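See structure below.
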Amino acid sequence: ATQMMTSHLFHLAVFSLQISEQSRARILNLKIINNVVLENVPMFYIQYLYLTDTTQDSIFENGLTITLLALAFSVCAIVFGVLTVLVRIFNGCLELIRRRYNEDFHRLYIEFSFKSTIAGIIKPHHVHTKQLLVDGIRLALQIELSQVEIVYIQLISAGIKVVAKFKYLTEDGAQKILKELMDPNSELFQTFHKECAKLLKIEDPSVRLEVLRLHTKQEQEITDGADDSDDAVDTKKSDVKSHIEFGLRSESAVQEASNAPPASTLEDF
């Protein structure tokens with residue numbers, strides 16, 4: 001169902017659900033739990049109880065052949081689910097090891113856009129072309145498929161905006177990308193434009209590529225830290241403003257109380 005809803009079949013919005021790789025992985029984990037734990041294991045137990053209670057002389061009597069076949073398929077499904085879980089755990093361990101011991105590798109973040117002066121060249125369905133862009137980027141930069149990740153694709157005025165990251169780059173490779181991809185006259189920039197436009201089928205002279213931002217992981221962390229600091233400062237300013245307003249209201253209330261006429265007593269009457 002997930003593959004169907006994210007397939008962008010016939011360019012229909014109902015089949016164009018955009019979800020991240022993390023969300024896709026969570027859905028797959030839930031599917032494994034549902035199929036193995038909540039479906040196949042109880043079914044296997046019920047089939048086993050049925051065989052043990054109804055079998056007397058031969059397991060092939062009393063029409064139990066179908067039950068045996070169903071039992072065999074249940075076992076296969078359970079084994080397949082367990083192997084899938086083990087593979088995912090193994091891949092997760094490899095990813096953790098790669099992150100921990102491959103500190104010499106670099107990560108780059110890029111924001112770029114494709115725009116066209118002619119309406120209709122870049123269509124709304126281009127926001128669903130993550131895999132095509134991954135293929136185009138890896139061909140242009142000559143890196144592996146696992147080194148490219150598209151964060152998101154967004155529709156903008158007269159085009160699309162793409163945010164991506166390049167992982168596990170060598171120092172020389174990262175420096176080359178930083179230097180040449182920001183230069184519209186460089187060969188790497190032209191190849192990047194050509195490969196992506198070809199796979200997106202927007203090879204038109206009116207389509208132009210613009211690299212909006214290209215920075216390293218350290219610069220991204222500094223930017224995120226600055227944003228967090230700005231949020232903290234804004235929060236502190238808001239708290240101080242609230243305290244000042246509360247103080248002013250309290251002072252005004254005291255002033256009104258002191259200016260109010262004294263309350264009447266019985267002696268006044």
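The chain is numbered in sequence order, starting from 1. Model, not experiment: these values are computed from the prediction.
Proximity of Leu145 to Gln131: side-chain heavy atoms (C-beta onward) are separated by under 4.5 Å at one or more points. Contact annotation: the side chain of Ser113 never approaches that of Ile160 to less than 4.5 Å [non-hydrogen atoms, C-beta and beyond]. Residues Thr191 and Lys194 are not in side-chain contact: their nearest non-hydrogen atoms beyond the backbone lie 4.5 Å or more apart. At least one side-chain heavy atom of Leu133 sits less than 4.5 Å from a side-chain heavy atom of Cys196. Taking the side chain as every heavy atom from C-beta outward, Thr117 and Arg208 approach each other to under 4.5 Å. With a 4.5 Å cut-off on side-chain heavy atoms, Gln190 and Glu187 do not count as touching. When side chains are defined from C-beta on, Phe166 counts as touching Leu169, because their heavy atoms get closer than 4.5 Å. Val163 is not listed as a side-chain neighbour of Ile110, based on a closest heavy-atom distance of 4.5 Å or more.
To the nearest 0.5 angstrom, Leu188 atom CG is 5.5 Å from Leu181 atom CG. In this structure, NZ in Lys165 is found 5.0 Å from OH in Tyr109, a value given to the nearest 0.5 Å.
Considering all non-hydrogen atoms of both residues, Met182 and Val211 come closest at SD-CG1, 3.5 Å. Nearest heavy-atom pair across Thr216 and Leu108 is CG2-CD2, 3.8 Å. A pairwise comparison of heavy atoms in Leu132 and Leu199 identifies O-CD1, 3.4 Å as the closest pair. Of all heavy-atom pairs spanning Phe189 and Leu209, the tightest one is CZ-O, 3.4 Å. The shortest non-hydrogen separation linking Val127 to Gln154 is CG1-C, 4.2 Å. Residue Thr129 comes nearest to His126 through the heavy atom pair OG1-O, 2.5 Å, listed as atom of the first residue, atom of the second, then distance.
Ion pair Lys198/Glu203 not flagged as a salt bridge, since none of the NZ, NE, NH1 or NH2 atoms sits closer than 4.0 Å to an Asp/Glu carboxylate oxygen. Salt bridge Lys167/Glu149: present, at least one basic N to carboxylate O contact under 4.0 Å.
By the rule that hydrophobic residues join a cluster once side-chain heavy atoms approach within less than 4.5 Å of another member, Val87 and Val79 end up as members of separate clusters. In the hydrophobic clustering of this structure, Ile150 groups with Leu155; members are Ile, Leu, Val, Met, Phe, Trp, Tyr whose side-chain heavy atoms approach within less than 4.5 Å, directly or through other members. Hydrophobic clustering, with ILVMFWY side chains joined whenever heavy atoms are under 4.5 angstrom apart, groups Val41 together with Val75. Linking ILVMFWY residues whenever their side-chain heavy atoms come closer than 4.5 Å, directly or via other members, places Val82 and Phe44 in the same cluster. Connection of Ile122 to Ile118 is established within a shared hydrophobic cluster, with ILVMFWY side chains joined at heavy-atom distances below 4.5 Å, either directly or through further cluster members.
Judged purely by distance below 3.5 Å, without hydrogens or angles, the side chains of Asp172 and Thr170 never pair a donor atom with an acceptor atom.
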Chi angles and distances behind the side chain to side chain contact (heavy atoms under 4.5 Å, CB included) call for Lys161, Glu111: CA-CA 7 Å; Lys161 175 185 175 182; Glu111 298 179 17; 3.8 Å; yes
Verdict with supporting geometry, Ile153 and Lys130, side chain to side chain contact (heavy atoms under 4.5 Å, CB included): CA-CA 7 Å; Ile153 306 174; Lys130 285 187 177 182; 3.8 Å; yes
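A 6.0 Å sphere centred on OH of Tyr152 holds more than 12 heavy atoms belonging to other residues, nucleotides or ligands. By the neighbour-count criterion of 12 heavy atoms within 6.0 Å, atom NZ of Lys176 is sparsely surrounded, having that number or fewer from other residues, nucleotides or ligands.
Without hydrogens or angle criteria, Lys123 side chain to Gly120 main chain gives a donor-acceptor distance under 3.5 Å. With Glu195 contributing its side chain and Leu139 its backbone, the two residues share no donor-acceptor pair below 3.5 Å. In terms of modelled atom types and a separation under 3.5 Å, the side chain of Ser186 and the main chain of Glu180 share a donor-acceptor contact.
Aromatic pair Tyr168/His106: centroids not less than 6.0 angstrom apart. Within the 6.0 Å centre-distance limit, the rings of Phe192 and Phe112 are counted as a close aromatic pair.
Partner of Ile137 under the side-chain contact (heavy atoms from CB on, under 4.5 Å) criterion, out of Val134, Asp135, Leu141: Leu141 alone.
Using the six-membered ring where Trp is involved, His193 and Phe114 have ring planes that are tilted, between 30° and 60° apart.
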